[in-house]
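Report on one structure; see the data block that follows.
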Number of protein chains: 2
Amino acid sequence: MQNAINNPSLRIACSSCNLRELCLPVDLGGQEMERLDALTSRKRTFQRGDYLYRCGEGFRALYAIRTGFFKTQVLHEAGREQVTGFQMPGEIIGMDAISSDAHTCDAIALEDSEICEIPFDRLEALSREFPGLQRHLHKIMSREIVRDHGIMMLLGSMRAEERLAAFLLNLSQRFSARGYSPTAFNLRMTRQEIGSYLGLKLETVSRTFSHFQEHGLLNVKVREVEIMDMLRLRSFVGGT
Amino acid sequence: MQNAINNPSLRIACSSCNLRELCLPVDLGGQEMERLDALTSRKRTFQRGDYLYRCGEGFRALYAIRTGFFKTQVLHEAGREQVTGFQMPGEIIGMDAISSDAHTCDAIALEDSEICEIPFDRLEALSREFPGLQRHLHKIMSREIVRDHGIMMLLGSMRAEERLAAFLLNLSQRFSARGYSPTAFNLRMTRQEIGSYLGLKLETVSRTFSHFQEHGLLNVKVREVEIMDMLRLRSFVGGT
DNA sequence: AAATGCGTTTGATATAGGTCAAAAACCATG
DNA sequence: CATGGTTTTTGACCTATATCAAACGCATTT
C-alpha cells in the first residue's frame with residue numbers, strides 16, 4: 001500500500017484516464033474535471049486475493065477500478081457467502097457502505113489490480129458545486145440498483161442454462177464496452193465463484209459450460225471462453 | 001388522480017408527518033424541513049391494483065409512501081415477472097429510474113394507498129444547498145443497494161424455509177419500526193407474489209407456511225400471520 | 001521428473017422444490 | 001345467500017439441481 005501523493009508515477013488524472021468514458025468523469029466539463037483530478041489522486045495497487053475493503057470496515061471512500069478485476073461478496077454465518085458482483089475497470093464500488101458508514105461486504109481482487117480512491121465527503125462537496133457531477137453520482141448509484149434487480153430476476157426465475165448465458169452475455173457486453181473482444185475473453189473467477197454469483201453449485205456451472213460446448217454455443221477451455229453463437233446464446237436468456 | 005395543490009385536505013407537510021422518523025426528513029433542521037415541505041406538497045391516492053408507475057415511463061420524481069402497501073416488479077419476456085420488493089409507509093421508491101431517466105420496473109398498490117411525490121430535480125437542488133439532506137438521500141439509495149444484496153443472498157443460497165423465515169422476520173421488523181405488532185400482522189400480498197419475491201412457486205410458499213404452523217412457529221390463517229416462536233424462526237435464518 | 005495441490009470435469013445417486021390437478025376457502029356481487 | 005371468480009391448500013408425481021465421489025489437468029515446488 002503506497003502513498004500515491006509521494007509517488008508521482010502513480011498519479012494518473014481523471015482528465016487523462018482512458019476509462020473517462022465509463023467512470024465517474026463522464027460528461028464533465030473542464031473545470032469540473034480539474035477539481036475531480038485533485039480529488040482522486042490517491043491510487044493503490046492490489047495483488048490477487050488482496051482485500052480492497054472488508055465487511056465492517058469504516059466508510060471513507062468510493063473506489064474506481066483502473067485495471068484488474070474484483071469480486072464483492074456478502075457473508076452469512078458459518079462460511080456461507082454470496083458473491084454479489086464482479087467488477088471491472090471503470091466501475092465504481094463501495095456504495096453499499098454509505099448507508100451505515102461501514103462496508104457491508106468484502107471486495108477482493110481477482111487478479112493484480114489498481115484502483116483510484118475517491119474520498120466520499122469530498123465527492124459530495126464537489127457534487128454540491130457541480131450539478132452535472134451530482135446527477136452522475138446519482139446515476140451510478142441508481143445503475144447499481146437496476147443491476148441488482150437484474151440479478152434478482154436471474155436468481156429468482158431463471159434456470160441454470162439461462163443464468164449462465166445471461167452471465168456470459170453480460171461479461172461479453174462489458175468487455176466490448178472496454179474495447180475488448182465481445183466473443184473471446186478469459187474468466188478471472190473460479191467455477192465456485194461463478195456458482196455463488198448465479199446461485200448454483202460449481203458442478204452445475206461446469207456441466208452447463210460443457211452443455212453449451214456440446215451444442216456449439218461456446219468453446220470453453222477452463223478459464224478461456226469463446227462465444228461461437230451469440231444469437232443462440234441470447235435466445236436462451238430471452239427465450240423459450 | 002387529484003391535484004393536491006387545489007385540494008388543501010391532502011396537504012400534509014413533512015414537518016408534521018408521523019413518518020418523519022423513517023422517511024426523507026429524518027435528521028433535518030428547521031429550515032431544511034420547511035423547504036422540503038414546499039417540495040413534497042403533491043399527494044396522490046391509489047386503489048388496490050393501481051400503478052404508481054410503469055416500466056418505461058419517464059422519470060420525474062421519487063415517491064414516499066404515506067399509507068398503504070406497494071410491490072415493485074421487473075418484467076421479463078412473456079409474462080415472466082420478478083417481484084423485487086414490497087414497500088410500506090415511510091419508504092421511498094422510484095430510484096431505479098434515475099440511471100436511465102425511465103422507470104425500469106412497475107410499482108403497483110397492494111391496497112388503497114397514498115404517496116407523496118418528490119420531484120427529483122428539485123430534491124437534487126435542495127440537497128445541493130443542504131449537506132444533511134444530500135447525505136440522507138445518498139443513504140437512502142445505499143440502503144436500497146444493501147437491501148438488494150440481502151435478497152441476492154437469500155435467493156442465491158437459502159432453502160425455502162430459510163427464505164420464508166427471513167421474509168417474515170423482515171416484515172415483522174418493519175411493522176415493528178412503524179409501531180405495529182412485530183408478531184401479528186396481515187399479509188397484503190398473495191402467495192404468488194411472495195413466491196415471486198422469494199424465488200419459489202406459490203405452492204411451495206403455501207406448504208412452507210403449513211410446515212411452520214405444524215411446528216408451532218406460526219399461526220397462519222390465509223393472510224393473517226402470528227409469529228409464535230420468534231427465536232426459533234430466527235434460528236432458521238441464521239441457523240443450522 | 002516426481003510430488004503436491006488446487007481447480008475442473010464427469011459420473012452416479014439423492015432430494016428439494018416444481019408441476020399438475022383437484023378440492024376447499026375466501027371474497028365480491030347481484 | 002346464492003354465484004362465480006380468485007386464492008389457497010393439499011396430494012401425487014416428476015425433474016432440475018445438489019450431493020458425493022473419483023479422476024483429471026495444470027501449475028508450482030522439490
Side-chain angles (χ1 to χ4, degrees), chain A residues 47-49 69 71 79-83 108 110-112 154-168 186-215 218-225 236 239-240, chain B residues 47-49 69 71 79-83 108 110-112 154-168 186-215 218-225 236 239-240:
Chain A
Q47 300 194 312
R48 183 179 155 72
F69 234 89
K71 70 168 173 180
R80 208 158 26 155
E81 71 195 33
Q82 171 76 27
V83 171
I108 301 166
L110 292 177
E111 61 181 26
D112 294 356
L154 181 147
L155 292 171
S157 70
M158 289 189 183
R159 291 172 315 100
E161 289 181 338
E162 301 175 290
R163 294 184 199 192
L164 189 63
F167 171 69
L168 291 171
N186 63 320
L187 303 168
R188 271 69 169 192
M189 63 296 279
T190 66
R191 299 290 187 261
Q192 155 83 270
E193 287 162 339
I194 297 172
S196 170
Y197 181 63
L198 299 179
L200 301 169
K201 293 293 152 177
L202 69 95
E203 295 95 329
T204 305
V205 174
S206 176
R207 275 185 239 275
T208 309
F209 269 122
S210 300
H211 292 163
F212 282 168
Q213 172 141 293
E214 283 161 29
H215 294 271
L218 303 177
N219 272 338
V220 199
K221 211 184 145 211
V222 194
R223 300 288 183 104
E224 248 127 75
V225 172
F236 254 98
T240 185
Chain B
Q47 300 196 312
R48 181 180 156 73
F69 235 89
K71 70 168 173 180
R80 206 156 30 153
E81 71 196 34
Q82 171 75 28
V83 171
I108 302 166
L110 293 177
E111 61 181 26
D112 293 358
L154 180 147
L155 292 171
S157 69
M158 290 188 184
R159 291 172 314 103
E161 288 181 338
E162 301 176 290
R163 293 184 199 191
L164 189 63
F167 170 69
L168 291 170
N186 63 320
L187 303 169
R188 270 69 168 193
M189 63 296 280
T190 66
R191 298 290 187 260
Q192 156 83 270
E193 287 162 338
I194 297 171
S196 171
Y197 181 63
L198 298 179
L200 301 169
K201 293 291 152 178
L202 68 94
E203 295 95 329
T204 305
V205 173
S206 177
R207 275 185 239 275
T208 308
F209 269 123
S210 301
H211 293 164
F212 282 168
Q213 172 141 294
E214 284 161 29
H215 290 66
L218 302 177
N219 271 339
V220 198
K221 212 185 144 210
V222 194
R223 301 287 185 105
E224 247 128 74
V225 172
F236 254 98
T240 185

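The chains referred to below are lettered A, B, ... by the order of the sequence lines, with proteins before strands, and numbering in each begins at 1.
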Restricting both atoms to N or O, compile the protein contacts to nucleotides 10-12 of chain D shorter than 3.5 Å, with distance only.
from, atom 1, to, atom 2, distance (Å)
D:dT10, OP2, B:S210, OG, 2.7
D:dG11, N7, B:R207, NH1, 2.9
D:dG11, O6, B:R207, NH2, 3.0
D:dA12, N6, B:R207, NH2, 3.2

Relative orientation of the end axes in the helix from C:dA1-D:dT30 to C:dG30-D:dC1, expressed as an angle to the nearest 10° (five pairs per end): 40°
Phosphate-side-chain proximity, B:R159 and C:dG17, N/O vs OP1/OP2 below 4.0 Å: no
Interatomic distance, B:R191 CZ vs C:dG18 P [rounded to whole Å]: 15 Å
For atom CZ of B:R163 and atom P of C:dA16, their distance in whole Å: 14 Å
Between C1' of C:dT8 and CD of A:Q213, the distance in whole Å: 13 Å
Residues forming a side chain to side chain contact (heavy atoms under 4.5 Å, CB included) with A:S206, sequence neighbours excluded: none
Under the salt bridge (Lys or Arg N to Asp or Glu O under 4.0 Å) test, residues paired with A:E224 that sit two or more places apart: none
With sequence neighbours excluded, residues passing ring pair (Phe, Tyr, Trp, His ring centres under 6.0 Å) with A:F212: A:F236
Pair listing, salt bridge (charged side-chain N to carboxylate O under 4.0 Å, His left out) test, anchored in residues 198-207 of chain A, at least two apart: none
Sugar-phosphate, base or nothing in reach of B:G195, heavy atoms under 4.0 Å: nothing
Length of the line joining A:N186:CG and D:dC26:C1', which is rounded to integer Å: 15 Å
Residues, nucleotides or ligands: over 12 heavy atoms within 6.0 Å of A:R48 CZ: no
Interatomic distance where CD belongs to A:E161 and P belongs to D:dT17 [whole Å]: 8 Å
Set of residues satisfying salt bridge (Lys or Arg N to Asp or Glu O under 4.0 Å) with respect to B:E193, sequence neighbours excluded: B:K71
Evaluation steps, side-chain contact (heavy atoms from CB on, under 4.5 Å), between B:L202 and B:T190: CA-CA 8 Å; B:L202 68 94; B:T190 66; over 6 Å; no
For atom CZ of B:F212 and atom P of D:dT9, their distance in whole Å: 14 Å
Non-hydrogen atoms of B:I108 and B:G49 that approach each other most closely: CG2-O, 3.7 Å
Partners meeting side-chain hydrogen bond (donor to acceptor under 3.5 Å, both in side chains) with B:Q192 (sequence neighbours left out): none
Residues in side-chain hydrogen bond (donor to acceptor under 3.5 Å, both in side chains) contact with A:Q213, at least two apart in sequence or another chain: none
Exercise: identify the closest heavy-atom pair between B:F69 and B:M189: CE2-CE, 3.9 Å
Spacing of B:K201 atom NZ relative to D:dT7 atom C1', expressed in whole Å: 16 Å
Heavy-atom protein contacts under 4.0 Å, nucleotides 23-30 of chain C, coded B base, S sugar-phosphate only, - none: ---S----
Length of the CD-P vector between B:Q192 and D:dT7, whole Å: 9 Å
